[in-house]
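Step one of this worksheet: look at the structure below.
In listed order, ligands and their atoms are each counted from 1. Atoms considered below: every heavy atom in the structure, side chains included; atoms not considered: hydrogens, waters and symmetry mates. Along the sequence shown, residues carry numbers from 1.
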Amino acid sequence: MAKPVFILNGPNLNMLGTREPDIYGAETLADISAACSKRAGELSLKVEVRQTNQEGELVEWVQQARTEASGVIINAAAYTHTSVALLDALKACDVPVIEVHLSNVYKRESFRHKSFVSPAAHGVICGFGGQGYLFALEAMAAIHANENE
Ligand code: DQA
């Protein structure tokens, strides 16, 4: 049985749809999750979408990905800009990591320009709203295809 790609979401992303829609759009996390499952099916991938407001839980899921996932797509939200623990976990997880942000963090406050996730990521997608997750799935499928060549 192929392992799923973990799509991990950090704090306040459970509020999508109502949270600052001018920045994050009108889509809910459930909408994004449904779109991801559909796109994953088309790409012959399986996905598991999770969200937490706790830093430690995010770290535990990244650790779990090492043995139970074929890749990690992560929007660590605010922990992106603060969490050395998350960086350490991602560096040790030994599966491809793609960092996603709904907003273009580089157009925003300077504290959002620093990412503790990026040094552990294969690549970063930001500024495309919920569609960024679908681009990340396409990138993950391409990474897997290259690995299996
Ligand atoms: C975010 C950007 C972060 O700076 C912010 O803290 C978030 C969401 C995004 O998806 O654009 O919560 O990761």
Side-chain angles (χ1 to χ4, degrees), residues 3-43 45-66 68-144:
K3 293 177 183 172
V5 175
F6 282 3
I7 302 183
L8 304 181
N9 294 281
N12 301 307
L13 294 174
N14 55 318
M15 303 290 290
L16 288 179
T18 50
R19 175 191 181 204
E20 298 182 276
D22 46 319
I23 296 175
Y24 297 115
E27 267 185 306
T28 64
L29 191 57
D31 295 333
I32 291 172
S33 176
C36 283
S37 297
K38 182 169 177 282
R39 191 74 191 102
E42 291 160 1
L43 293 164
L45 291 173
K46 284 199 309 181
V47 288
E48 194 166 317
V49 182
R50 301 180 184 176
Q51 188 276 330
T52 180
N53 292 323
Q54 316 298 327
E55 181 178 10
E57 190 161 32
L58 211 47
V59 167
E60 278 170 14
W61 288 345
V62 170
Q63 290 181 4
Q64 194 186 354
R66 190 170 190 278
E68 293 179 29
S70 61
V72 172
I73 293 171
I74 184 163
N75 183 350
Y79 292 137
T80 305
H81 315 300
T82 61
S83 182
V84 177
L86 190 57
L87 169 62
D88 289 347
L90 287 165
K91 277 182 157 171
C93 83
D94 278 347
V95 292
V97 174
I98 299 175
E99 177 180 359
V100 171
H101 300 284
L102 296 141
S103 63
N104 179 352
V105 286
Y106 299 102
K107 267 168 93 174
R108 302 181 62 195
E109 304 95 320
S110 58
F111 66 83
R112 295 185 203 275
H113 300 175
K114 165 78 186 168
S115 168
F116 282 95
V117 172
S118 298
H122 190 103
V124 183
I125 296 167
C126 75
F128 296 98
Q131 226 188 349
Y133 288 79
L134 308 182
F135 296 154
L137 278 170
E138 284 164 28
M140 189 63 77
I143 293 167
H144 286 168

Exercise. Hey, is the main chain of Lys114 close enough, under 3.5 Å, to the side chain of His81 for a donor-acceptor pair?
Worked result: yes
For this session: Would you please name every residue forming a salt bridge (charged side-chain N to carboxylate O under 4.0 Å, His left out) with Asp22, sequence neighbours left out?
Result: none
Seminar exercise, completed: By salt bridge (charged side-chain N to carboxylate O under 4.0 Å, His left out), Arg50 pairs with (sequence neighbours left out) Glu48
Problem set entry | Between Tyr133 and Asn9: side-chain donor-acceptor atoms closer than 3.5 Å |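 A pair is found: one side chain offers a donor N or O, the other an acceptor, under 3.5 Å apart.
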Exercise. Under 3.5 Å, is there a donor-acceptor pair linking the side chains of Asn53 and Gln51?
Worked result: yes
Identify the protein atoms, limited to N or O, that lie within less than 3.5 Å of an N or O atom of ligand 1, and list each pair with its distance to 0.1 Å.
from: ligand 1; atom 1: 4 (O); to: His81; atom 2: NE2; distance (Å): 2.7
from: ligand 1; atom 1: 4 (O); to: Arg112; atom 2: NH1; distance (Å): 2.9
from: ligand 1; atom 1: 6 (O); to: Ala78; atom 2: N; distance (Å): 3.3
from: ligand 1; atom 1: 6 (O); to: Arg112; atom 2: NH1; distance (Å): 3.1
from: ligand 1; atom 1: 10 (O); to: Asn75; atom 2: ND2; distance (Å): 2.9
from: ligand 1; atom 1: 10 (O); to: Leu102; atom 2: N; distance (Å): 2.7
from: ligand 1; atom 1: 11 (O); to: Leu102; atom 2: N; distance (Å): 3.3
from: ligand 1; atom 1: 11 (O); to: Ser103; atom 2: N; distance (Å): 2.9
from: ligand 1; atom 1: 11 (O); to: Ser103; atom 2: OG; distance (Å): 2.6
from: ligand 1; atom 1: 12 (O); to: Arg19; atom 2: NH1; distance (Å): 3.1
from: ligand 1; atom 1: 12 (O); to: Arg19; atom 2: NH2; distance (Å): 3.0
from: ligand 1; atom 1: 13 (O); to: Asn75; atom 2: OD1; distance (Å): 2.8
from: ligand 1; atom 1: 13 (O); to: His101; atom 2: ND1; distance (Å): 2.8

Exercise. With sequence neighbours excluded, what pairs up with Cys126 under the side chain to side chain contact (heavy atoms under 4.5 Å, CB included) test?
Worked result: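 For Cys126 the side chain to side chain contact (heavy atoms under 4.5 Å, CB included) partners, ignoring immediate neighbours, are His101, Asn104, Val105, Tyr106.
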